[in-house]
Amino acid sequence: MALDGLRVVDLSAVLAGPHTARYLADFGADVIKVESPTGDTVRGMGWRDPDDGATYWWKYANRGKRVMTADLKDTGTLAVVRALIAEADVLIENFRPGKLEALGLDPAELIAENPRLVVLRVTGFGQTGPYRNRPGFATLAEAMSGFAAINGETDGGPLLPPIALTDEVTGLVGAFAVMVAVHSGVGQVVDVSLLDSMFQLMGPLAAAWLDQGFLQERMGSQLPYSVPRGSYETADGVWLALSASSDTVAARVMDLLGFGDDERFSTFQGRVDHRDIVDGALCEWIAARDAADVMEIFGELQIAAAPILDTKGIVEDPHAIERELVIDVDGMPMQNVVARLSATPGRVRWAGREPDADGDEIREQGW
């Protein structure tokens, strides 16, 4: 696989840091997950496999990794871990700023001993700034990034995402940043934060506020700059999503609604200015027809729309099945690798293992 030979020591726990290491493991990196004697928090979080009692979160977030237990406060055990780091390419940690140094693993010293070492430090708010020592929970990043403030219905309160969104995003950011640093060939510290990662998803909203004083409010499923866009219920009670964030698609929707010759709806701004008219007409058109008929017409006209699927719907969808979005790993269904490489594809080798599964071998033989 593409990352065969890349050695990664994963000292992180819970989700964002472990997700970074998981992405690297999926493409062949040799990842050693160093777990505290009390165990990673995700070993006790969420749904459990009825066969062995391990949590799905543990098996998913730590798939493809070798696992060892280590008490970093014990000098003998710390020496073993430090020896692993001395021969590694990447170290991943998500302690609060300063904790790694307090344990005797100062990144500057580690890089001096191993000049190619990339040290990824994942925290809630980064290694600098007045919030650096605050607890690093994804919920806080979702609240402070601007995301929750615009998420929700117009007449409702702000909503947090019902999934571990920031942890997933930060895992991708971490994996990307690690590979950039590894590619540089220079040992260095990579500072990735939950807040920075989540704020990156907000697009040009900062510019819109700072330059024009535009502050986006909660709009449900709508967008401030593209109309129509949202979720719509059909006559048979099915919810569909539609996007016209392309002038050509929007033009086809306007033709369908009988607005094709109306100059008011010929531009993005014109459709935004007449949002109520456009969205009201589309709601009525869709509400008068069953989902199958709507999707058939949209397909013929190449209008961008899709059914809103729950988890059951997506895992049973024929496209998801053919693409193998879900695979079986040691008896547990989980997502496949995130990207498909034609020459050096990734592969999920095993699910997260039991505590200290590889500890004896690692302690005796190292890498």
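Predicted, not measured: the structure shown is a model, and the values here were computed from it.
Among pairs with a residue in residues 176-215, none fulfils ring pair (Phe, Tyr, Trp, His ring centres under 6.0 Å), at least two apart in sequence or across chains. Under the ring pair (Phe, Tyr, Trp, His ring centres under 6.0 Å) criterion, the residue pairs touching residues 250-271 are Phe259-Phe265, Phe265-His274, with sequence neighbours excluded.
Counting heavy atoms from C-beta outward, Phe125 and Arg132 have side chains that stay 4.5 Å or more apart. Put simply, the side chain of Thr20 does not reach to within 4.5 Å of the side chain of Asp10, judged on heavy atoms. Taking the side chain as every heavy atom from C-beta outward, Trp57 and Leu15 approach each other to under 4.5 Å. Residues Thr234 and Asp290 are not in side-chain contact: their nearest non-hydrogen atoms beyond the backbone lie 4.5 Å or more apart. Two residues are said to be in side-chain contact when any heavy atoms from C-beta on lie closer than 4.5 Å; Leu256 and Leu301 meet this criterion. Side chains of Leu325 and Val315 form no contact here, defined as non-hydrogen atoms less than 4.5 Å apart.
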Checking Lys59 against Arg43 for the side chain to side chain contact (heavy atoms under 4.5 Å, CB included) test, could you report, in this order, the C-alpha distance in whole Å, the side-chain angles of both residues, the deciding distance, and whether it holds? CA-CA 9 Å; Lys59 289 188 169 186; Arg43 283 197 183 273; over 6 Å; no

Given side chain to side chain contact (heavy atoms under 4.5 Å, CB included), test Leu84 with Met68 step by step and report yes or no. CA-CA 12 Å; Leu84 292 173; Met68 70 174 290; 3.9 Å; yes

Can Asp262 and Arg264 be said to form a salt bridge (Lys or Arg N to Asp or Glu O under 4.0 Å), step by step? CA-CA 5 Å; Asp262 195 323; Arg264 294 178 298 170; 2.7 Å; yes

Are Arg63 and Asp26 close enough, and set up right, to give a salt bridge (Lys or Arg N to Asp or Glu O under 4.0 Å), and what steps lead you there? CA-CA 8 Å; Arg63 69 192 193 186; Asp26 283 352; 2.7 Å; yes

Show your working on side chain to side chain contact (heavy atoms under 4.5 Å, CB included) between Val122 and Val190 and close with a plain yes or no. CA-CA 8 Å; Val122 181; Val190 179; over 6 Å; no

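Considering every non-hydrogen atom in both Pro224 and Gln216, the closest pair reads CG-OE1, 3.4 Å. Nearest heavy atom pair, residue Pro333 against residue Val326, reads CB-CG1, 3.8 Å. Closest non-hydrogen pair, Pro345 versus Ser342, comes out as CD-O, 4.4 Å. Shortest non-hydrogen contact noted between Gly64 and Ala25 is O-CB, 3.7 Å. Nearest approach of Ser197 to Thr170, heavy atoms of both residues: CB-OG1, 3.5 Å. Minimum interatomic distance between Leu105 and Ile85 (heavy atoms only, all atoms of both residues): CD2-CD1, 4.2 Å.
Taken together through direct or relayed side-chain contacts under 4.5 Å among Ile, Leu, Val, Met, Phe, Trp and Tyr, Val90 and Leu11 form parts of separate hydrophobic clusters. Grouping the Ile, Leu, Val, Met, Phe, Trp and Tyr side chains by contacts below 4.5 angstrom, directly or via other members, places Ile92 with Leu3. Note on Val348: it clusters hydrophobically with Val42, by side-chain heavy-atom contacts below 4.5 Å among ILVMFWY residues. In this structure, Ile362 is not a member of the same hydrophobic cluster as Val67, with clusters built from ILVMFWY side-chain heavy atoms closer than 4.5 Å. No chain of hydrophobic side-chain contacts below 4.5 Å, direct or via other Ile, Leu, Val, Met, Phe, Trp or Tyr residues, connects Met144 to Val173.
Counting heavy atoms of neighbouring residues, nucleotides and ligands inside a 6.0 Å radius, atom CG of Asp261 does not exceed 12 of them. Glu113 CD: more than 12 foreign heavy atoms inside a 6.0 Å radius.
For the atom pair Trp239 CH2 and Ile286 CD1, the distance stands at 10.0 Å (nearest 0.5 Å). With rounding to the nearest 0.5 angstrom, the CG atom of Leu24 is 10.5 Å from the CG atom of Asp89. To the nearest 0.5 angstrom, Leu91 atom CG is 8.5 Å from Leu120 atom CG.
The existence of a salt bridge linking Arg289 and Glu233 is excluded, since no basic side-chain nitrogen approaches an acidic carboxylate oxygen closer than 4.0 Å. In summary, Asp247 and Arg271 engage in a salt bridge, as defined by a charged side-chain N under 4.0 Å from a carboxylate O. Classification of Lys33 and Asp40 as a salt-bridged pair holds, one side-chain N sitting under 4.0 Å from a carboxylate O. A salt bridge is absent between Lys73 and Asp71; no separation between the charged side-chain nitrogens and carboxylate oxygens falls under 4.0 Å. Between Glu93 and Lys99, none of the side-chain N atoms (NZ, or NE/NH1/NH2) sits under 4.0 Å from a carboxylate O, so this pair counts as no salt bridge.
Figure legend: cation-pi geometry between Arg48 and Tyr56 absent, as NZ or CZ is not positioned both under 6.0 Å from the six-membered ring centre and within 45° of its axis.
Side-chain contact annotation: Gln222 with Asp279, donor-acceptor N/O pair under 3.5 Å present. With no hydrogens or angles considered, a side-chain donor-acceptor pair links Gln269 and Asp273 at under 3.5 Å.
A distance-only check finds a donor-acceptor pair linking the side chain of Arg116 to the backbone of Glu87 [under 3.5 Å]. Looking only at distances, a side-chain donor or acceptor of Asn114 sits under 3.5 Å from a matching main-chain atom of Ala86. Here the side chain of Arg229 pairs a donor or acceptor atom with the backbone of Ser221 at under 3.5 angstrom. With hydrogens and angles disregarded, no donor-acceptor distance shorter than 3.5 Å links the side chain of Arg121 to the backbone of Phe95. Listed for the Asp191 side chain is a donor-acceptor partner under 3.5 Å among the backbone atoms of Gln127. At distances below 3.5 Å, at least one donor-acceptor pair connects side-chain atoms of Asp310 with backbone N or O atoms of Lys312. Side-chain N or O atoms of Arg82 include one that pairs as donor or acceptor with a backbone N or O of Gly104 at under 3.5 Å. For Lys65 (side chain) and Arg353 (main-chain N/O), no donor-acceptor pair under 3.5 Å exists by modelled atom type. Without hydrogens or angle criteria, Asp328 side chain to Gly331 main chain gives a donor-acceptor distance under 3.5 Å. In this structure a side-chain-to-backbone donor-acceptor pair under 3.5 Å is present from Asn94 to Ala13.
Put simply, the residue from Asp358, Thr77, Asp356, Thr69 that forms a side-chain hydrogen bond (donor to acceptor under 3.5 Å, both in side chains) with Arg363 is Asp356. Paired with Asp30 under the rule salt bridge (Lys or Arg N to Asp or Glu O under 4.0 Å), one option of Arg349, Arg66, Arg7 passes, and it is Arg66.
Here Trp285 pairs with Phe298 under the ring pair (Phe, Tyr, Trp, His ring centres under 6.0 Å) rule; sequence neighbours left out.
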